[in-house]
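Okay, structure first, notes after.
For clarity, every value in this text was computed on a predicted model and none was experimentally measured. If you read the sequence from its start, that first residue is 1, and numbering goes on from there.
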Amino acid sequence: MATPLLPNSRTEADGSAVIRVLSYNIRSMRDDTDALARVITACAPDLVLVQEAPRFFRWRKKLARLAAASGQVVLTGGATAAGPAILCGLRATVERTQDVLLPLTPGLHRRGFATAVVRFGGARLGVLSCHLSLQRDERYEQGGMLLDRLAAMGMEHAVAGGDLNDTPGGRTFGHLAGHANLQDCHATAPWGGEFTSTATDPRKRIDAVFATKGIEVLGCGVPLDQPGVSAADLRAATDHLPVLAALRVPAA
């Protein structure tokens, strides 16, 4: 039985907005970038929370090329956030952006957050893309920094997504999912596939989208069996599977 379709993006009469948010680790675009663009395009996202965006030679041009090929524009991030980035469709009105570098642990990879505040109709939304550490203790500290950063944005409604390098039973994932004002979107409204790693043999859910409690989650998961999203493209695009969420954000 095919997975049902998620709702299309729209603005409601009361000013609230239904939006589609895609979180995707793109492995620095080292794989099949045409397949990657096809997957993103088929998901019809309003926001793409990218991890492992290109960070080195001509990284801006590479990220801009991916955005153009998938009907998006580059909102913020990339090398300036140590990998996380945010793309958006033209439906979004951008209020502000900020790239945040996290403290560097000697011998470990530098991490950061790409953040923005956007509007869709009468709905205002804080947005954060992250890629947390492989190291357990540092990852937990970064999870706390993520919560602090969301609070510091001062937004009633916010969404955060990324590669957590942790599973739902792990300390960091559990800390985020158990926060009083956050919901793990897939756990709230399961849809599509569950596991995101690896793309060729998915057995772990280490990528997730979280939303603040005032946002209604209409469905969230790996976009399997969806028009335009082929199994071949999902395997070829990168080493992670994407997470797609449909959310209803109340008007401000």
Side-chain angles (χ1 to χ4, degrees), residues 19-92 94 97-102 109-118 125-133 142 146 149-150 158-165 185 196-199 206-211 220 222-223 229 233-234 236-245 247:
I19 65 169
R20 294 163 67 102
V21 179
L22 187 73
S23 182
Y24 210 174
N25 183 321
I26 65 172
R27 206 166 84 110
S28 298
M29 296 173 61
R30 292 181 297 186
D31 301 290
D32 186 336
T33 54
D34 290 335
L36 180 64
R38 285 194 294 269
V39 170
I40 296 173
T41 301
C43 289
D46 297 288
L47 294 165
V48 186
L49 312 183
V50 173
Q51 301 85 49
E52 291 194 35
R55 296 184 293 118
F56 300 110
F57 184 65
R58 293 183 176 174
W59 66 269
R60 287 184 176 87
K61 180 178 286 188
K62 292 175 183 176
L63 193 58
R65 188 180 301 124
L66 174 64
S70 54
Q72 306 287 312
V73 297
V74 179
L75 182 49
T76 194
T80 49
I86 303 172
L87 312 182
C88 69
L90 296 179
R91 182 171 173 242
V94 181
T97 66
Q98 184 177 14
D99 296 331
V100 180
L101 291 175
L102 303 183
H109 176 64
R110 190 70 181 259
R111 304 284 175 172
F113 300 144
T115 74
V117 174
V118 298
L125 185 70
V127 187
L128 185 151
S129 177
C130 69
H131 187 184
L132 303 187
S133 176
Q142 291 171 351
L146 187 159
R149 179 56 53 177
L150 285 179
V159 60
D163 178 355
L164 304 184
N165 276 316
C185 292
T196 62
S197 179
T198 61
I206 63 172
D207 304 85
V209 174
F210 296 90
C220 177
V222 177
V229 180
D233 278 350
L234 288 172
T238 176
D239 62 343
H240 284 239
L241 294 175
V243 179
L244 179 63
L247 309 172

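The backbone N or O of Pro84 lies less than 3.5 Å from no partner atom in the side chain of Ser129, so there is not a single donor-acceptor pair. The backbone N or O of Leu102 sits less than 3.5 Å from a side-chain atom of Arg110, completing a donor-acceptor pair.
Of the N and O atoms on the side chains of Asp239 and Thr198, not one donor lies less than 3.5 Å from an acceptor on the other residue.
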**OP:** In sequence, state the C-alpha distance, the side-chain angles, and the governing distance for Leu75 and Val118, and then conclude on side-chain contact (heavy atoms from CB on, under 4.5 Å).
**Re:** CA-CA 10 Å; Leu75 182 49; Val118 298; 3.9 Å; yes
**OP:** Report the C-alpha distance between Cys185 and Leu247 in whole Å, list the side-chain angles of each, state the deciding distance to 0.1 Å, and finish with yes or no for side-chain contact (heavy atoms from CB on, under 4.5 Å).
**Re:** CA-CA 9 Å; Cys185 292; Leu247 309 172; 4.0 Å; yes
Original post:
Yes or no on side-chain contact (heavy atoms from CB on, under 4.5 Å) for Thr238 and Ser28, after CA distance, side-chain angles and deciding distance?
Top reply: CA-CA 9 Å; Thr238 176; Ser28 298; over 6 Å; no
Original post:
Given Val39 and Tyr24, is the side-chain contact (heavy atoms from CB on, under 4.5 Å) satisfied, shown in steps?
Top reply: CA-CA 10 Å; Val39 170; Tyr24 210 174; 3.8 Å; yes
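Using a 4.5 Å cut-off on side-chain heavy atoms (C-beta onward), Val209 and Val159 make contact. Residues Val243 and Cys220 have side chains in contact (heavy-atom distance under 4.5 Å, counting atoms from C-beta outward). At least one side-chain heavy atom of Leu125 sits less than 4.5 Å from a side-chain heavy atom of Ile19. Taking 4.5 Å as the limit, some side-chain heavy atom of Arg60 sits within range of a side-chain heavy atom of Thr80. Two residues are said to be in side-chain contact when any heavy atoms from C-beta on lie closer than 4.5 Å; Pro45 and Gln72 meet this criterion. Counting only heavy atoms from C-beta outward, the side chains of Thr115 and Leu128 approach each other to under 4.5 Å. Two residues are said to be in side-chain contact when any heavy atoms from C-beta on lie closer than 4.5 Å; Val21 and Leu49 meet this criterion. Taking 4.5 Å as the limit, some side-chain heavy atom of Leu132 sits within range of a side-chain heavy atom of Phe113.
When all heavy atoms are compared, the tightest approach of Ile26 to Ala53 is CD1-CA, 4.1 Å. Taking every heavy atom of both residues into account, Leu66 and Ser70 meet most closely at O-OG, 2.7 Å. Nearest heavy atom pair, residue Cys43 against residue Val229, reads SG-CG2, 4.3 Å. The shortest heavy-atom contact between Gly161 and Ser23 is C-OG, 3.7 Å. Heavy atoms only, all atoms of each residue included: Trp59 and Gly78 are closest at CZ3-CA, 3.7 Å. For the pair Ala35 and Asp233, the tightest heavy-atom approach, listed with the atom from each and the gap, is CB-OD1, 3.5 Å.
The structure places CZ of Arg149 at 13.0 Å from CD of Gln142, a figure rounded to the nearest 0.5 Å. The OG1 atom of Thr33 sits 13.0 Å away from the CZ atom of Arg27 when rounded to the nearest 0.5 Å. To the nearest 0.5 Å, atoms CG (Asp46) and CG (Leu90) are separated by 10.5 Å. To the nearest 0.5 Å, atom CG of residue Leu47 and atom CG of residue Leu87 are 9.0 Å apart. The distance from atom OG1 of Thr196 to atom CG of Asp163, rounded to the nearest 0.5 Å, is 7.0 Å. Within the model, atoms CD of Glu52 and CZ of Arg30 stand 6.5 Å from one another, a figure rounded to the nearest 0.5 Å.
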